[in-house]
Amino acid sequence: MTRINWGIVSTGRIAALFCQDLAFSANSHLYAVAARQQTDADVFAKQYGAEKAYQGYQALFDDPEVDIVYIATPHNFHFQQAYDALMAGKHVL
């Protein structure tokens with residue numbers, strides 16, 4: 001079974017709920033998280049077991065190990081973040 005490396009954009013409540021559910025997927029792995037502040041990304045990564053923590057979303061989009069991006073920011077940011085992730089060759093949820 002192929003392992004899917006997930007990258008999470010944002011570290012809020014919705015991102016936390018997604019990570020809790022991601023644990024039930026046998027082939028999914030929380031690989032990276034990105035936040036506006038490095039400390040927020042670091043805390044979230046430690047809490048949910050992500051290997052990488054990035055300050056800024058583009059760094060996550062540019063990581064070649066990230067297969068798919070989950071956007072957990074407020075909806076008014078979704079278009080630009082989805083566009084940026086798609087332009088980086090990522091799948092987006």
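Everything numeric here is computed off the predicted structure, so don't read it as measured data.
- Residues Tyr83 and Ile68 do not share a hydrophobic cluster, defined by chaining ILVMFWY side chains whose heavy atoms lie under 4.5 Å apart.
- Put simply, the side chain of Gln38 gets close to the backbone of Ala53: a donor and an acceptor are under 3.5 Å apart.
- Taking all atoms of both residues into account, the shortest heavy-atom contact from Ile8 to Leu60 is O-CD1, 3.6 Å.
- In terms of modelled atom types and a separation under 3.5 Å, the side chain of Asp67 and the main chain of Asn5 share a donor-acceptor contact.
- Under a hydrophobic clustering in which Ile, Leu, Val, Met, Phe, Trp and Tyr are joined whenever their side-chain heavy atoms come within less than 4.5 Å, directly or via other members, Tyr54 and Tyr48 fall into different clusters.
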Quiz item: Does the side chain to side chain contact (heavy atoms under 4.5 Å, CB included) test come out yes or no for Cys19 and Phe44, once each step is laid out?
Solution: CA-CA 10 Å; Cys19 288; Phe44 192 92; 3.6 Å; yes
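- Remark: Gln55 CD to Gln37 CD distance equals 6.0 Å, nearest 0.5 Å.
- The shortest non-hydrogen separation linking Ala85 to Val69 is CB-CG2, 4.3 Å.
- No side-chain heavy atom of Val9 sits less than 4.5 Å from a side-chain heavy atom of Phe77.
- The aromatic rings of His78 and His75 lie perpendicular to each other, with more than 60° between the two planes, well past the 30° mark.
- Rounded to the nearest 0.5 angstrom, Gln80 CD and Met87 CE are separated by 10.5 Å.
- Val92 and Ile4 end up in different hydrophobic clusters when Ile, Leu, Val, Met, Phe, Trp and Tyr side chains are linked at under 4.5 Å.
- What you find for Ala34 and Thr11 is that their closest heavy atoms are O-CG2, 4.3 Å.
- Annotation: Lys52, atom NZ; neighbour count of heavy atoms from other residues, nucleotides and ligands within 6.0 Å does not exceed 12.
- Closest heavy-atom contact between Val66 and Gly7: CG1-N, 3.9 Å.
- Contact record, Phe61 with Lys90: O-CE, 2.9 Å, taken as the closest heavy-atom pair.
- Distance check, rounded to the nearest 0.5 Å: CG of Asp62 to OH of Tyr57 gives 15.0 Å.
- A continuous path of ILVMFWY side-chain contacts below 4.5 Å connects Leu93 to Val33, so both sit in one hydrophobic cluster.
- A distance of 8.5 Å separates CZ of Phe18 from CG of Leu30, quoted to the nearest 0.5 Å.
- Here the shortest heavy-atom pairing between Ala41 and Ala35 reads N-CB, 3.8 Å.
- Aromatic ring orientation, Trp6 versus Tyr70: perpendicular (interplanar angle above 60°, classes split at 30° and 60°).
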